[in-house]
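Okay, structure first, notes after.
In what follows, every chain begins at residue 1, and chains take the letters A, B, ... in the order their sequences are listed. Only heavy atoms go into these numbers, but all of them, side chains included; no hydrogens, no water, no symmetry mates. Bear in mind the structure is a predicted one, so any value in this text is a computation, not a measurement.
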There are 2 protein chains.
Amino acid sequence: MPEASSPAGLEDHLGYWLRLVSNAVSQSFARRVEAEGVTVAEWVVLRALYGVEPMAPSQLAERMGMTKGAISKLADRLVAKDLVERREAGGDGRRQSLALRPQGHALVPRLAALADQNDAGSFEGLAPEERRELERLLRKLAAAHHLTAAPTA
Amino acid sequence: MPEASSPAGLEDHLGYWLRLVSNAVSQSFARRVEAEGVTVAEWVVLRALYGVEPMAPSQLAERMGMTKGAISKLADRLVAKDLVERREAGGDGRRQSLALRPQGHALVPRLAALADQNDAGSFEGLAPEERRELERLLRKLAAAHHLTAAPTA
DNA sequence: CAAAATTAGTTTCCTAGTCAACTTGATATC
DNA sequence: GATATCAAGTTGACTAGGAAACTAATTTTG
């Protein structure tokens, strides 16, 4: 606990530790997936599109907590890499839907393996029950903040 | 648990939940400090310089896990805002040191209060003992990854 | 002590986001 | 049915950071 008279320090905030560890884990994962030519955000999109019906950009934006502008550019990059395909959706000329192309579909399991490895490496410092507890706490916070996030399932 | 045959989903990774919650907490904090005209990274620098001897940019870079290039620009912005001062350090013409200017010093307690509020709001979904446990786990991970981070003390 | 290597910080180019203005298509209202 | 409004996506200006080339000052080495 800090002295009564001094302002709270960085280390006194849970948010600080969260950001510190999260950034390290994400950077580690970014380095891994870079070898497959994609970014973390691109992995999230690819996985979200895997094994489900084609999805609207706006839906992705909501799930990923990104703006529609960001998704638009992200989709551009994935299309340029031939991993994802844009289609006109339904009768509505505005709506489109994004779907995996074969190359993108094939990539998902490899990226998932990298994610598995990264998780294993990043959290090996915790005992199994600690990992479970961490997950429980994080999920609880996500729920409390209505971070509905990726159903992928 | 995912089916044996399907690749792991986003939700199956602890890193995913960590990033999700961390981003939400950081964005929330970013919105708060914006009212004081600074960014989260700037708060970290200001707090790190508060109540200690002037510090070299390279030292800050290491503590914050940022490149020296990033710190150089960050320092530029803080100097432009008159919150921080650059000095030539010691006899070595290369080294410099960064120190708070009065305005910067005065700002720290106000930003610390915002950080307190943000932490309170972000983690109110957890019981006190859960918060302590989360902090313990995060610190343990930080230590395991040699994220020595900010001593501020 | 001159030349080479090293170190601290800066700068340039690039990437990936946000925000807000814009375009275009659909819907609602009069 | 013309017009106003709304919704989906795109675009452009801007921001923050990383990587690597660069500058300048010090230190090491021959």
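Residue-to-nucleotide contacts include no donor-acceptor pair under 3.5 Å from the side chain of A:Lys73 to the base of C:dT15. For A:Arg94 against C:dT24, no side-chain N or O and base N or O form a donor-acceptor pair under 3.5 Å.
Considering only side-chain atoms of B:Met66, the nucleotide from D:dG17, C:dA16, C:dT6 that sits closest is D:dG17. For A:Arg95, the listed nucleotide lying nearest its side chain is D:dA8; candidates were C:dT11, D:dA8, C:dG25. Of all nucleotides listed (C:dT10, C:dA26, D:dA24), C:dT10 comes nearest to the side chain of B:Gln96. For A:Asp92, the side-chain atoms get nearest to C:dA26 when compared with the rest of C:dG9, C:dA26, D:dG9.
The CD-P distance, from B:Glu62 to D:dG18, rounds to 14 Å in whole Å. Per the geometry, CE belonging to A:Met64 stands 14 Å off C1' belonging to C:dT18, to the nearest Å. Summarising the geometry, the separation between CG on A:Asp76 and C1' on D:dT10 is reported as 8 Å, rounded to the nearest angstrom. The CD-C1' distance, from A:Gln27 to C:dA16, rounds to 14 Å in whole Å. Taking atom NZ on A:Lys68 and atom C1' on C:dG17, their separation rounds to 16 Å, with Å as the unit. In this structure, B:Leu74 places its CG atom 19 Å from P of C:dA8, rounding to the nearest Å. Atom-to-atom, CG of A:Leu78 to P of D:dT10 comes out at 13 Å; the value is rounded to the nearest Å. Atom CZ in B:Arg86 sits roughly 12 Å away from atom C1' in C:dA8 (whole-Å rounding).
Note: A:Arg19 CZ to A:Leu14 CG = 11.5 Å, rounded to the nearest 0.5 Å. Atom CG of residue A:Leu74 and atom NZ of residue A:Lys68 lie 16.0 Å apart, to the nearest 0.5 angstrom.
Residue contacts for B:Gly93: at a heavy-atom cut-off of 4.0 Å it reaches the sugar-phosphate backbone alone, with no base atom in range. Contacts of B:Arg77 with the nucleic acid, taken as non-hydrogen atoms under 4.0 Å apart, involve only primed sugar atoms and P, OP1 or OP2. Within the 4.0 angstrom heavy-atom criterion, only backbone atoms of the sugar-phosphate kind lie near A:Gly91; the bases stay farther away. Within 4.0 Å (heavy atoms only), A:Ala75 reaches no atom of the nucleic acid at all.
Screening A:Val84, A:Leu107, A:Leu83, A:Leu78 for a side-chain contact (heavy atoms from CB on, under 4.5 Å) with A:Leu100, the sole residue that qualifies is A:Val84.
Of the side-chain N and O atoms in B:Ser58, one or more sit less than 4.0 angstrom from OP1 or OP2 of C:dG9.
Of the residues near DNA chain C, B:Ala70 and A:Thr67, the one whose nearest nucleotide (by heavy atom distance) lies more toward the 5' end is B:Ala70.
Below 30°, between 30° and 60°, or above 60°: for B:His105 and B:Tyr50 the angle between ring planes is below 30°, a parallel geometry.
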For the pair B:Asp76 and B:Arg86, evaluate salt bridge (charged side-chain N to carboxylate O under 4.0 Å, His left out) and give the outcome as yes or no after the intermediate values.
CA-CA 9 Å; B:Asp76 283 349; B:Arg86 271 198 179 94; 2.9 Å; yes
